[in-house]
Amino acid sequence: LKTDMLSLISHSNLAITSTLNLHTVGKSLLETIEAFFPGCAIRIRLFNRQTGELEPLASCNLNEEGGTAESINWPWPRGVLEIKAPLIVRNVQTDPRTQNIEFCRRNGLVSYLGLPLIARDDLLGIISLYTKQEREFTKEEVAFFTALGGQAAIALQNARLFEEVHASHAQLRALSHRLLEVQETDRRHLARELHDEIGQILTGLKITLEVSGRLPFQEASAKLAEAQELLNDLIARTRGLSLDLRPSMLDDLGLFPALRWHFERYTSNTQVNVTFNHSGLEGKRFAPQIETAAYRIVQEALTNVARYAGVKQVMVDVCSDQDTLTMEIEDRGAGFNPGAATREGKVSGLTGMRERTMLLGGKMKIESAPGAGTSVTVEFPLGEPSEKIGEQWIS
């Protein structure tokens, strides 16, 4: 028996350490366990780090129709996770803790052996084994199962880390691509403004000055006055374009004065009033990248309100403590379906906001529904930047 155990453990070790794919590791583990416990029902579940829920990775010999074989509310998996040690139930069909006896009978589940998957003190998930005949698990079998689980936990942890790194690289590539698109969009906008607005004014000014040189003094004076108006318009448009690109107030005075100035300008241009509530901002400076991202996110959110919400009032709340800068932009306007808008590719503005948030290790939450208004909440950590790319709250 010990020879068979060692052979299976060695074979399993070669199989699960030769891949960095989670599902392949899970499949290899199932095959090894079933070779030792033929005909048993097995299920492997891993923790989802974001939701805290156990999610299925692999299973065999289990018909889950009409019930859940491994609900976290069942006492056995919960007990395994609480004690972080193997747990044995001699007969789940007669055990008073069983919550779905019919499901167990339909699947022929009798004895239970549960094992936590732990690697480097990190609780990854759980393996559950159900035999079809009542069984008294021996110390050797539990030791075999524990050794197998220890190997699997390390392999699963490595596979998960590899997938996370791969996903992070893919996300960084997507962000880089998006950054190039944003740069080109900004350049197109700048070129259009220079050509359509400033270029036309300069052309008009040139023609006016040329004509005035060929006119009598009195008529030339009128043309020069017209040229002065064109020049004033040119100065105003150039200043506006410069402010749209980046207000110098943000660099010189910080986020709070820049936001107040922007709200006044925004209301003047759109007739949408901004109710600004703030805490912990006055006289306080943040890291330049935080101030820039916060300003741009508020700017983009207010632009969306003016374009789509159909309201005359928007609320902006910004507060800061020692660890976090939190912003919320809320309107009670038309609203939209965030999921549908994402699928249809109609959220480029929100995508830019999300990317700014992610790059600084922050979190972003969008809550909206048709006719129910929209709320955008962003949190930035003010300590050391997070090593993770960022998170999103589920809306």
Side-chain angles (χ1 to χ4, degrees), residues 12-13 15-17 19-37 39-89 92-93 95 97-104 106-132 135 137 141-142 144-164 167 394:
S12 173
N13 184 50
I16 64 180
T17 57
T19 178
L20 288 173
N21 181 281
L22 276 174
H23 294 282
T24 304
V25 172
K27 183 180 177 182
S28 298
L29 184 57
L30 287 181
E31 293 173 351
T32 304
I33 297 174
E34 193 175 17
F36 193 80
F37 297 100
C40 67
I42 312 166
R43 194 163 200 210
I44 304 171
R45 283 198 165 205
L46 298 182
F47 269 116
N48 183 314
R49 292 180 179 178
Q50 292 184 342
T51 65
E53 298 293 328
L54 281 173
E55 295 181 348
L57 174 67
S59 64
C60 67
N61 302 325
L62 197 60
N63 178 11
E64 298 186 52
E65 184 178 352
T68 55
E70 276 289 301
S71 170
I72 189 60
N73 295 320
W74 281 32
W76 317 304
R78 190 172 64 246
V80 172
L81 297 175
E82 288 174 354
I83 65 176
K84 296 183 180 180
L87 177 68
I88 298 173
V89 179
V92 297
Q93 295 186 18
D95 193 294
R97 297 171 294 176
T98 303
Q99 297 174 340
N100 194 340
I101 294 178
E102 179 58 32
F103 177 75
C104 294
R106 187 169 62 251
N107 279 275
L109 309 180
V110 184
S111 297
Y112 171 81
L113 174 59
L115 181 80
L117 290 168
I118 302 175
R120 305 180 185 95
D121 296 325
D122 183 13
L123 182 60
L124 301 176
I126 183 173
I127 305 175
S128 293
L129 181 150
Y130 298 88
T131 63
K132 300 301 178 78
R135 185 186 189 99
F137 291 101
E141 289 172 337
V142 174
F144 164 78
F145 201 47
T146 302
L148 200 61
Q151 287 183 344
I154 294 173
L156 289 168
Q157 187 181 58
N158 290 338
R160 172 175 276 178
L161 290 173
F162 175 78
E163 289 193 356
E164 288 177 354
I394 299 175

Indicate the ring-plane relationship of Y130 and Y112, choosing parallel, tilted or perpendicular according to the 30° and 60° boundaries. tilted

Correct closest heavy-atom pair for G149 and L115 would be CA-CD2, 3.6 Å

How far does CD1 of I42 sit from CG of L30, to the nearest 0.5 angstrom? 5.5 Å

To the nearest 0.5 Å, how far apart are CG in L129 and CZ in F137? 5.5 Å

OG1 on T131 to CG on N61, rounded to 0.5 Å: 12.0 Å

Separation between CZ of F47 and CG of L54, rounded to the nearest 0.5 Å: 4.5 Å

Might you point out which heavy atoms bring P86 and P116 nearest each other, and give the distance in Å? N-CD, 4.0 Å

Minimum-distance pair of heavy atoms, taken over all atoms of K132 and G108: CD-O, 2.9 Å

Looking only at atom types and distance, does a side-chain atom of E34 sit under 3.5 Å from a main-chain N or O of C40, one as donor and one as acceptor? no

Other residues, nucleotides, ligands: >12 heavy atoms within 6.0 Å of K27 NZ: no

Mind checking the CZ-OG1 spacing from F145 to T32? Nearest 0.5 Å is all I need. 11.0 Å

How many angstroms lie between CD1 in I118 and CG in L156, if you round to the nearest 0.5 Å? 13.0 Å

Might you point out which heavy atoms bring G26 and L57 nearest each other, and give the distance in Å? CA-CD2, 4.0 Å

Exactly one of I126, L29, V25 should register a side chain to side chain contact (heavy atoms under 4.5 Å, CB included) with I44. Which one does? L29

Heavy-atom check, side chain of R160 versus side chain of L46, under 4.5 Å: yes

Are V142 and I88 close enough, and set up right, to give a side chain to side chain contact (heavy atoms under 4.5 Å, CB included), and what steps lead you there? CA-CA 9 Å; V142 174; I88 298 173; 3.9 Å; yes

